[in-house]
Amino acid sequence: MDSDQGKLLFVGFSWATNEEKLNNYFQGYGEVVQVVAMRDKMSRKPRGFGFIVFSDPDNFDMVVHDEHVIDGRTVRFAFGV
DNA sequence: GTTGAGCGTT
(Lines give C-alpha, C1' and ligand atoms only; values in the text may rest on other atoms or scores of the structure.)
Protein backbone atom coordinates (compact mmCIF):
# COMPACT_ATOMS: atom_id res chain seq x y z
CA MET A 1 0.00 0.00 0.00
CA ASP A 2 2.72 2.47 0.81
CA SER A 3 5.94 0.53 0.85
CA ASP A 4 6.88 -1.07 -2.39
CA GLN A 5 4.21 0.57 -4.46
CA GLY A 6 5.76 2.41 -7.26
CA LYS A 7 6.96 -0.66 -9.02
CA LEU A 8 5.37 -1.01 -12.40
CA LEU A 9 5.69 -4.10 -14.55
CA PHE A 10 5.90 -3.64 -18.27
CA VAL A 11 6.08 -6.51 -20.73
CA GLY A 12 5.88 -6.93 -24.45
CA PHE A 13 8.62 -4.71 -25.80
CA SER A 14 10.94 -5.91 -28.52
CA TRP A 15 13.90 -8.11 -27.63
CA ALA A 16 16.06 -5.59 -29.34
CA THR A 17 14.91 -2.87 -26.95
CA ASN A 18 17.44 -1.99 -24.30
CA GLU A 19 17.11 -0.71 -20.77
CA GLU A 20 18.44 2.63 -21.93
CA LYS A 21 15.75 2.87 -24.57
CA LEU A 22 13.06 2.23 -22.00
CA ASN A 23 14.58 4.72 -19.64
CA ASN A 24 14.52 7.36 -22.30
CA TYR A 25 10.93 6.56 -23.23
CA PHE A 26 9.67 6.68 -19.66
CA GLN A 27 11.59 9.78 -18.76
CA GLY A 28 9.20 11.61 -21.05
CA TYR A 29 6.38 10.77 -18.63
CA GLY A 30 8.09 11.90 -15.48
CA GLU A 31 11.01 11.35 -13.20
CA VAL A 32 12.14 7.76 -13.46
CA VAL A 33 13.62 6.45 -10.24
CA GLN A 34 14.40 2.97 -11.44
CA VAL A 35 14.25 1.14 -14.73
CA VAL A 36 15.33 -2.44 -15.14
CA ALA A 37 15.04 -4.81 -18.08
CA MET A 38 15.12 -8.45 -17.08
CA ARG A 39 16.79 -11.14 -19.15
CA ASP A 40 17.02 -14.91 -19.11
CA LYS A 41 19.23 -16.24 -16.34
CA MET A 42 20.58 -19.12 -18.34
CA SER A 43 21.40 -17.69 -21.74
CA ARG A 44 21.48 -14.01 -20.77
CA LYS A 45 19.03 -13.28 -23.54
CA PRO A 46 16.51 -10.44 -23.24
CA ARG A 47 13.03 -11.65 -22.42
CA GLY A 48 11.33 -8.38 -23.24
CA PHE A 49 10.01 -7.69 -19.78
CA GLY A 50 11.10 -5.40 -17.00
CA PHE A 51 10.18 -3.14 -14.11
CA ILE A 52 9.99 0.61 -13.70
CA VAL A 53 9.70 2.94 -10.74
CA PHE A 54 8.44 6.51 -11.04
CA SER A 55 8.96 9.32 -8.60
CA ASP A 56 5.26 10.19 -8.57
CA PRO A 57 2.24 7.79 -8.48
CA ASP A 58 0.44 9.92 -11.04
CA ASN A 59 2.83 8.61 -13.63
CA PHE A 60 1.68 5.04 -13.06
CA ASP A 61 -1.92 5.96 -13.66
CA MET A 62 -1.04 7.71 -16.86
CA VAL A 63 1.23 5.01 -18.20
CA VAL A 64 -0.98 2.08 -17.27
CA HIS A 65 -4.09 3.66 -18.70
CA ASP A 66 -2.41 4.49 -21.96
CA GLU A 67 -1.08 2.32 -24.73
CA HIS A 68 2.61 2.35 -25.49
CA VAL A 69 4.52 1.19 -28.51
CA ILE A 70 8.27 0.81 -28.31
CA ASP A 71 10.44 -0.33 -31.17
CA GLY A 72 7.26 -1.19 -33.05
CA ARG A 73 6.01 -3.62 -30.39
CA THR A 74 3.02 -2.99 -28.15
CA VAL A 75 4.05 -2.88 -24.52
CA ARG A 76 1.58 -4.18 -21.95
CA PHE A 77 1.62 -2.58 -18.49
CA ALA A 78 0.56 -3.90 -15.10
CA PHE A 79 0.98 -2.98 -11.46
CA GLY A 80 3.92 -4.68 -9.80
CA VAL A 81 3.37 -6.54 -6.55
C1' DG B 1 20.67 -19.06 -34.64
C1' DT B 2 15.06 -19.60 -32.79
C1' DT B 3 10.38 -17.45 -29.47
C1' DG B 4 6.06 -13.59 -27.57
C1' DA B 5 3.32 -15.09 -22.04
C1' DG B 6 5.05 -13.25 -18.06
C1' DC B 7 6.58 -10.66 -12.11
C1' DG B 8 13.13 -8.88 -10.58
C1' DT B 9 17.75 -6.96 -8.36
C1' DT B 10 20.17 -3.76 -5.67
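Chain letters run A, B, ... following the sequence lines, proteins first, then strands; residues in each count from 1.
- Taking atom CZ on A:F77 and atom C1' on B:dG6, their separation rounds to 14 Å, with Å as the unit.
- For A:V36, taking side-chain heavy atoms from C-beta onward, the closest of the listed nucleotides B:dG6, B:dG8, B:dT3 is B:dG8.
- In this entry the distance linking NZ of A:K45 with P of B:dG6 reads 19 Å, nearest Å.
- If you take NZ of A:K7 and P of B:dC7, they are 14 Å apart, rounded to a whole angstrom.
- Residue A:F13 and nucleotide B:dG4 are not classified as a stacked aromatic pair, given the requirement of ring centres less than 5.5 Å apart at an interplanar angle below 30°.
- Look at CG on A:L8: it is 18 Å from P on B:dT9, rounded to the nearest Å.
- To the nearest angstrom, P of B:dT3 lies 11 Å from CZ of A:R73.
- The nearest whole Å value for the distance from the CZ atom in A:F79 to the C1' atom in B:dC7 is 14 Å.
- Taking every side-chain heavy atom of A:L9 into account, B:dC7 is the closest of B:dA5, B:dG8, B:dC7.
- The nucleotide whose nearest atom lies closest to any side-chain atom of A:R47 is, among B:dT9, B:dT3, B:dG6, B:dG6.
- Picking from B:dG8, B:dT2, B:dG4 the nucleotide with the shortest atom distance to the side chain of A:S14 gives B:dG4.
- What separates CG of A:D40 from P of B:dG6 is a distance of 17 Å, to the nearest Å.
- When heavy atoms are screened at a 4.0 angstrom cut-off, A:G12 is found touching base atoms of the nucleic acid.
- The main-chain N or O of A:I52 is never found under 3.5 Å from a side-chain atom of A:Q34 such that the two would form a donor-acceptor pair.
- With centres under 5.5 Å and a plane angle under 30° as the test, the ring of A:F49 is not stacked against the base of B:dG6.
- Ring pair A:Y29/A:Y25 is tilted by interplanar angle, where 30° to 60° counts as tilted.
- Within the 3.5 Å criterion, the main-chain N or O of A:T74 finds no donor-acceptor partner in the side chain of A:H68.
- In this structure, CZ in A:F51 is found 9.5 Å from CG in A:L8, a value given to the nearest 0.5 Å.
- Summarising the geometry, the separation between CH2 on A:W15 and P on B:dT2 is reported as 9 Å, rounded to the nearest angstrom.
- Considering A:F13, A:F26, A:F60 in turn, A:F26 is the only one that fulfils the ring pair (Phe, Tyr, Trp, His ring centres under 6.0 Å) rule with A:F77.
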